Amino acid sequence: MIKERYDFVDIESKWQRIWRESGANRVREDETGEKFYGLAMFPYPSGRLHMGHVRNYSIVDVITRFKRMQGFNVLHPIGWDAFGLPAENAAIKNQRPPSAWTYDNISHMRTQLEGLGISYDWEREVTTCSPEYYRWTQWIFLELYKQGLVYRKEANVNWCPSCATVLANEQAEGGFCERCSSEVVLRSLEQWFLKITDYSEQLLSDLDGLVGWPEKVKTMQRNWIGRSEGVQAEFILLPVDLDDSSGDVGCGPRIPVFTTRVDTLFGVSYLVLAPEHPLVVGLVKDTPYEEDVAEFVRNLKGLNEASRTAEDAEKVGMFIGRYCLNPLSGERVPLWIANYVLPQYGTGAVMGVPAHDSRDFVFASKYGLDVRPVILEPGRVPEDAYSLSEAFVGNGVMINSGRFNGMKSEEAWNEMADAVEGLGMGARKVNYRLRDWLISRQRFWGAPIPMLCCPTCGLVPVPEDQLPVMLPEDIVFKTGENPIRSSPSFREAVCPLCGGVAMRETDTMDTFMCSSWYFLRYCDPHNERQAFSREKTDYWMGVDQYVGGVEHAILHLLYSRFLVKALRDCGHLSVGEPFENLLTQGMVCLDGAKMSKKLGNVVSPEDIVARFGADTARLFILFAAPPERDLEWNDRGVEGCFRFINRVWRLACDPRFVDSEGEGLDFGSEGTPLGKDTREMLRRIHMTIKKVTYDIGVRFNFNTAISAVMELVNELYLYKEKPGADVGVLRQGLQAVLLLLAPFVPHVVEELWQGLGYGESIFRQAWPRYRESFLETESVTVVLQINGKVRDRISLPAEIASSEDALKEYVTGLPKVRQWVDEKTMVKTVVVPGKLVNIVVR
RNA sequence: GCGAGUGUGGCGGAAUUGGUAGACGCGCUGGUCUUAGGAACCAGUCCUUCGGGGUGCAGGUUCGAUUCCUGUCACUCGCACCA
């Protein structure tokens, strides 16, 4: 029996309880069926869910519920990215430990997730701030250390004064802290790095194999890695005073530069070093330039990288009184320093070719340096080449380049690279913009870096059997420096090598480290001896469908790819890529702007669930837009979805179903459908099954899947009022509606399924299959066009419509067609069987 | 500047390999039933001078273009002195 009223509060809590108690979503490795690993990016436990979360988890829930009904053995886990600064700030404010705040938030958000009816296997829940988890994060750090992928060095790093910690390059883009938007300053500190650059080439080339990733994300990663092919060429430094020089100039020290345009080598009119270049100080020592250069460098130091590298930053530089020799032309070239040369990229030194590089052109124009064209722009005459108003950066024919004159610049590139190599003055080289991953954080709420500093043995890793290095508890939280340093119990340790007193590393790891391997832990979440077993990860990895926001396109997704490759090379994994397919969902907006606390345009999921229920919330969010697109929130639209669910409910309340309770589970039975309407109804049912299956499974277009079911419901409403309506077919239609809607609105379909007298959970049912034979129609609507314009639509028997010849004959024989054609000449008739006839007349 | 993407009714969006543009939903208009309804149901809803015209704009290919090509404009996102 089905109640008259759709009472979502009762229904949703009832089924959530049943699912929880029956372990409906528990998964084991030994089940039958192909595995499917569906994953949403796990949340930071900020306090409560927002609509972006609801969207993310609803999408994955639809996919995983659908796959489960299709017979896959589905892993659909959830966990918490639980380390991070907000918990520490809350600790300062409330004088409670970060863990208390974090676990409170987790328990509230867990309740919210359950309230949405997302089909998680809660037994696999993972929390990155628990010692059982971060123990293995530390273990991974040590594995990488063993592989030589971890190092410590003093470096100029991005420091956020407000967060009182360093940031990775990826977290300080544009010169502002990703978290708090404070301006980042440069500081020189001893820091821990992971050698992600060892994997630059693999991280880049493996992107080609990720066919299930959006092109946009791959492009972003490619740009971030920034591979460029070029030549590292060496310029010979000339002595301070040439007249004093005795002996062979060719043996002098050399300054390497990196260039992607070795073909412009004869166009070099100066050489520029980054002001921070290590050679600079020595080059000007005891020369008249020493004082001015020192002043120049001092002025630059105050600036952070962002203002230094801003596009509109004025190029400034100075000649430093020295010269060097061009390796190919042998020409004497003045040596400059300038702010536009970056110390971290390439060799920190650049050859200046004003005629063929726009930056050099601007710089040379300002300082009156030589502009010498060496590549002739196609369509120009040589005399013309000197009157440049801007740099010519394209390809053309070589001029002013000695024996290379007359070659195409592309050819000259290779010839000149060969020449440089032949002279022993350099070599071809590939450079990357990607830099090593700085993982040190001077904060408390993170996984401690498991290293010791021993006065006698130096840096010593904590032995594996001493993991985890636990976070101390005797901490006073206040703003300023890393609170861990205030814990004497934590700092002092015993050196495992010499037994002496060693100091513990007080930096913790970037939380991205924790979130770069959580999908591996889900495969084997309770393993106490390993981070994960090879057997389990071999079974589940890689993730078949990953879903999350584009904002993680670089950070999280690149780090995870790196860690998986590194762990594979340590012998712990078989796969080299974590995520087979990636779907980047759009933002949830209100009034055209992303919902955010700052703008005050948030709609609370809790409110929506309270007013309409979780099923309605899920349905709306999936119906309003395809998943990749931004979604405009609309309260009226939510009401529309609520109305639709009620409409389905009332359909199921038809008294005819009560009389035949429990009957008619057989989907494909041929039966003997009687009237035309019934046959048509059957066709609509099977057509809908076909479309919805395709839309969910192949296209991820949940909006059109839902609209197809809405259409079917509309049809069923019309059909059931017809005199000859067949209860069996009606029932089949309702079953199809419920099964097809099951991934979207799990609670209400469970309730109706049970109410209709089918004992088992609807999620134990197989996904419905359509029958090809039911899709056939007896009459087809064919469009009649004259010169491509629609003139008429005619209904024809299928035999005629599906045959090209019969259709053509039939149509051209029609009186109205004769009339349209009349005295004009029929040039051509295009026939698309079953669809359309286009008659071309003149 | 470079790269990627998106432009369709009042709104969110459909149109799967070129073949009925505007499915489905929201909103709006009128109606039925009701003491009432922000419930439910029914009808209508791109523009139109009723010939037609319409998918940002201008061309092209084609019997036929929202779909393919060229150019252009607008917006969004990413990168941005990387030599």
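Naming convention: chains lettered A, B, ... in sequence-line order (proteins, then strands); numbering from 1 in each chain. This structure is a prediction, so every number in the text was calculated from the model and none was measured.
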Asks: With both distances kept under 3.5 Å, what pairs with B:U55, Watson-Crick or G-U wobble?
Replies: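 Here B:U55 is not engaged in any pair, so there is no nucleotide opposite it.
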Asks: Measure the distance from CZ on A:F642 to C1' on B:G38 and round it to the nearest whole Å.
Replies: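 Result: 13 Å.
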Asks: Hey, is CD on A:E628 packed in by over 12 heavy atoms from elsewhere, all under 6.0 Å?
Replies: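 For A:E628, atom CD is crowded (more than 12 foreign heavy atoms under 6.0 Å).
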Asks: If you assign each of A:Y694 and A:K828 to its closest nucleotide in RNA chain B, which residue comes earlier from the 5' end?
Replies: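 Per heavy-atom nearest nucleotide, the more 5' residue is A:Y694.
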Asks: Measuring from the side chain of A:F623 (C-beta onward, heavy atoms only), which nucleotide among B:G12, B:C63, B:C26 has the closest atom?
Replies: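 The listed nucleotide nearest to A:F623's side chain is B:G12.
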Asks: Would you indicate whether A:E809, at its atom CD, is surrounded by more than 12 heavy atoms from other residues, nucleotides or ligands within a distance under 6.0 Å?
Replies: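 For A:E809, atom CD is not crowded (no more than 12 foreign heavy atoms under 6.0 Å).
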Asks: Compute whether any side-chain donor of one residue and acceptor of the other, for A:S228 and A:N431, lie under 3.5 angstrom apart.
Replies: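 A:N431 and A:S228 do not have a side-chain donor-acceptor pair below 3.5 Å.
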Asks: Return the nucleotide paired to B:U66: Watson-Crick means purine N1 to pyrimidine N3 with N6-O4 or O6-N4, wobble means G-U with N1-O2 and O6-N3, both under 3.5 Å.
Replies: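 The answer is none; no pair meets the criterion.
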Asks: May I ask you to verify if any side-chain N or O of A:N223 is less than 4.0 angstrom from the OP1 or OP2 atom of B:C2?
Replies: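 A:N223 to B:C2 OP1/OP2: no side-chain N or O under 4.0 Å.
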Asks: Now, which nucleotide makes the Watson-Crick or G-U wobble pair with B:C11, with each of the two distances under 3.5 Å?
Replies: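 For B:C11, the partner nucleotide comes out as B:G25, under the 3.5 Å rule.
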Asks: If you count every heavy atom of other residues, nucleotides or ligands that lies below 6.0 Å from A:K594 atom NZ, does the total exceed 12?
Replies: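 Counting neighbours around NZ of A:K594, 12 or fewer heavy atoms of other residues, nucleotides or ligands fall under 6.0 Å, so no.
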Asks: Regarding A:Y340 and A:D360, is there a side-chain donor-to-acceptor distance under 3.5 Å anywhere?
Replies: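 Note: A:Y340 and A:D360 side chains meet the donor-acceptor criterion.
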Asks: For A:N714 and B:G25, is the shortest distance between a side-chain N/O and OP1 or OP2 below 4.0 Å?
Replies: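 So the side chain of A:N714 is within the cut-off, an N or O lying under 4.0 Å from OP1 or OP2 of B:G25.
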Asks: Which base sits across from B:G1 as a Watson-Crick or G-U pair, both distances under 3.5 Å?
Replies: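 With both distances under 3.5 Å, B:G1 matches B:C79.
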Asks: Base, sugar-phosphate alone, or nothing: which one does A:V840 contact when heavy atoms must sit under 4.0 Å apart?
Replies: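 Since only primed, P, OP1 and OP2 atoms lie under 4.0 Å of A:V840, the category is sugar-phosphate.
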Asks: Can you tell me how far P in B:U8 sits from the matching atom in B:C75, rounded to whole Å?
Replies: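 Taking atom P in both B:U8 and B:C75, they lie 14 Å apart.
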Asks: For atom P, what is the distance between B:C24 and B:U35, given to the nearest Å?
Replies: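 These two P atoms come out 33 Å apart once rounded.
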Asks: With a 4.0 Å cut-off on heavy atoms, is A:S228 in touch with a base, just the backbone sugar-phosphate, or nothing at all?
Replies: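 Sugar-phosphate only.
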Asks: Distance check, C1' atoms only: B:G9 and B:C46, in whole angstrom units.
Replies: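 Here B:G9 and B:C46 have their C1' atoms 5 Å from each other.
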Asks: For A:E551 and B:C77, what is the distance between atoms CD and P respectively, to the nearest whole Å?
Replies: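 Answer to the nearest Å: 13 Å.
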Asks: Nearest whole Å is fine: how far is B:A14 P from A:N701 CG?
Replies: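 Checked: the CG to P distance equals 7 Å.
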Asks: Below the 4.0 Å mark, does B:U20 have OP1 or OP2 next to a side-chain nitrogen or oxygen of A:R793?
Replies: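 So the side chain of A:R793 is outside the cut-off, no N or O lying under 4.0 Å from OP1 or OP2 of B:U20.
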Asks: Please determine, by modelled atom types, if A:N714 and A:R647 share a side-chain donor-acceptor pair under 3.5 angstrom.
Replies: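 Result is yes, a qualifying pair exists.
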Asks: Which of these nucleotides, B:C79, B:C26, B:A83, is closest to any side-chain atom of A:Y345?
Replies: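 Closest nucleotide to the A:Y345 side chain: B:A83.
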Asks: Taking OP1 and OP2 of B:U16, is either one under 4.0 Å from a side-chain nitrogen or oxygen of A:T704?
Replies: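 No, because none of the side-chain N or O atoms of A:T704 sits under 4.0 Å from OP1 or OP2 of B:U16.
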Asks: Taking OP1 and OP2 of B:A15, is either one under 4.0 Å from a side-chain nitrogen or oxygen of A:R699?
Replies: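 Yes, because at least one side-chain N or O of A:R699 sits under 4.0 Å from OP1 or OP2 of B:A15.
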Asks: Considering only the P atoms, how many Å lie between B:G53 and B:A21, rounded to the nearest integer?
Replies: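 My reading of the P atoms in B:G53 and B:A21 gives 12 Å.
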Asks: In whole angstroms, how far is the P atom of B:G78 from the NE2 atom of A:H552?
Replies: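 To the nearest whole Å, that distance equals 14 Å.
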Asks: Which of these nucleotides, B:G12, B:G64, B:A83, is closest to any side-chain atom of A:V341?
Replies: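 Given the options B:G12, B:G64, B:A83, the side chain of A:V341 is closest to B:A83.
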Asks: Roughly how many Å is it from CD1 in A:I645 to P in B:A40, rounded to a whole number?
Replies: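 Spelled out: CD1 on A:I645 to P on B:A40 is 13 Å.
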Asks: Tell me whether the OP1 or OP2 atom of B:A83 has a side-chain N or O from A:Y340 closer than 4.0 Å.
Replies: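 Answer no for this pair, as no side-chain N or O of A:Y340 is under 4.0 Å from OP1 or OP2.
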Asks: Would you say B:C41 has OP1 or OP2 under 4.0 Å from some side-chain N or O of A:R647?
Replies: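 For B:C41, OP1/OP2 do have a side-chain N/O of A:R647 under 4.0 Å.
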Asks: Looking only at side-chain atoms of A:V350, point me to the closest of B:U20, B:A83, B:U16.
Replies: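 Nearest nucleotide to the side chain: B:A83.
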Asks: Please check if the number of heavy atoms outside A:K720 that lie under 6.0 Å from its NZ is greater than 12.
Replies: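 Yes, enclosed.
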Asks: Roughly how many Å apart are B:A74 and B:U55, using the C1' atom of each and rounding to a whole number?
Replies: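 Straight-line distance between the two C1' atoms is 16 Å.
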Asks: Indicate yes or no for a side-chain donor-acceptor contact from A:N701 to the backbone of A:N703 under 3.5 Å, with no hydrogens or angles considered.
Replies: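 Flag not set: sc A:N701 to bb A:N703 has no pair under 3.5 Å.
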Asks: A:V790 near the nucleic acid: base, sugar-phosphate alone, or nothing, with a heavy-atom cut-off under 4.0 Å?
Replies: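 Sugar-phosphate only.
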Asks: Side chain of A:Q785: nearest nucleotide among B:G12, B:G19, B:G53?
Replies: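 Of the candidates, B:G19 comes closest.
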Asks: Using whole Å, what does the distance between atom C1' of nucleotide B:C28 and atom CZ of A:R636 come to?
Replies: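 Answer to the nearest Å: 11 Å.
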Asks: Hey, does the Lys NZ or Arg CZ of A:K315 hover above the aromatic six-ring of A:F363, less than 6.0 Å from the centre and inside 45° of the axis?
Replies: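 Because its charged atom misses either the 6.0 Å distance or the 45° angle limit, A:K315 does not stack over A:F363.
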Asks: Can you tell me the pairing partner of B:U17 across any strand shown, Watson-Crick or G-U wobble, with both distances under 3.5 angstrom?
Replies: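 Because no pair has both required distances under 3.5 Å, B:U17 counts as unpaired.
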Asks: Any strand counts, and the cut-off is 3.5 Å on both contacts for Watson-Crick or G-U wobble. Which nucleotide pairs with B:U35?
Replies: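 Pair assignment: B:U35 / none.
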Asks: Could you tell me how far apart A:D630 (CG) and B:G12 (P) are, to the nearest whole angstrom?
Replies: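 Those two atoms, CG and P, are 12 Å apart.
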Asks: Categorize A:Y432 for me: base, sugar-phosphate, or nothing, with a 4.0 angstrom heavy-atom threshold over every strand shown.
Replies: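 Counting heavy atoms under 4.0 Å across all strands, no contact is made by A:Y432.
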Asks: When the C1' atoms of B:A58 and B:C63 are considered, how many whole Å apart are they?
Replies: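 Comparing C1' positions in B:A58 and B:C63 gives a spacing of 24 Å.
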Asks: Rounded to whole Å, please give me the gap between CZ in A:R227 and P in B:G3.
Replies: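 Atom-to-atom, A:R227 to B:G3, this comes out as 19 Å.
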Asks: Using the P atoms only, state how far B:G38 lies from B:G30, rounded to an integer number of Å.
Replies: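 That atom pair is separated by 13 Å.
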Asks: Go through the N and O atoms of the side chain of A:K691 and the base of B:U16, and report whether any donor-acceptor pair is under 3.5 Å.
Replies: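 Answer is yes: a donor-acceptor pair is held.
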Asks: Classify A:G346 by what it touches in the nucleic acid, base, sugar-phosphate, or nothing, heavy-atom distance under 4.0 Å.
Replies: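 No contact at all - A:G346 keeps every heavy atom at 4.0 Å or more from the nucleic acid.
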Asks: Counting only side-chain heavy atoms from C-beta out, which of B:A23, B:G64, B:G13 sits nearest to A:E711?
Replies: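 So the nucleotide nearest the side chain must be B:A23.
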Asks: Which nucleotide in the list B:A83, B:G13, B:C26 gets nearest to the side chain of A:R629?
Replies: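 Per side-chain heavy atoms of A:R629, the pick is B:G13.
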Asks: Could you work out which one of B:A83, B:C63, B:A23 sits closest to the side chain of A:S707?
Replies: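 Closest nucleotide to the A:S707 side chain: B:A23.
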Asks: Which nucleotide sits closest to the side chain of A:V783: B:U20, B:G52, B:C26?
Replies: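 It is B:U20.
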Asks: With heavy atoms under 4.0 Å as the rule, sort A:R5 into base, sugar-phosphate or nothing.
Replies: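 Nothing, no heavy atom under 4.0 Å.
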Asks: B:U20 and B:G3: how far apart are their C1' atoms, nearest whole angstrom?
Replies: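 After rounding to an integer number of Å, I get 38 Å for this pair.
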Asks: In terms of side-chain heavy atoms of A:T219, which of B:G19, B:G3, B:A83 is nearest?
Replies: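 When the side chain of A:T219 is considered, B:G3 is the closest of B:G19, B:G3, B:A83.
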Asks: For B:C26, take OP1 and OP2 only and decide whether either is under 4.0 Å from a side-chain N or O of A:R643.
Replies: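 Indeed, a polar side-chain atom of A:R643 lies that close.
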Asks: Can you tell me if A:K3 has over 12 outside heavy atoms packed within less than 6.0 Å of its NZ?
Replies: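 Open.
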Asks: Between A:K216 and B:G5, does any side-chain N or O lie under 4.0 Å from OP1 or OP2?
Replies: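 Indeed not, no polar side-chain atom of A:K216 lies that close.
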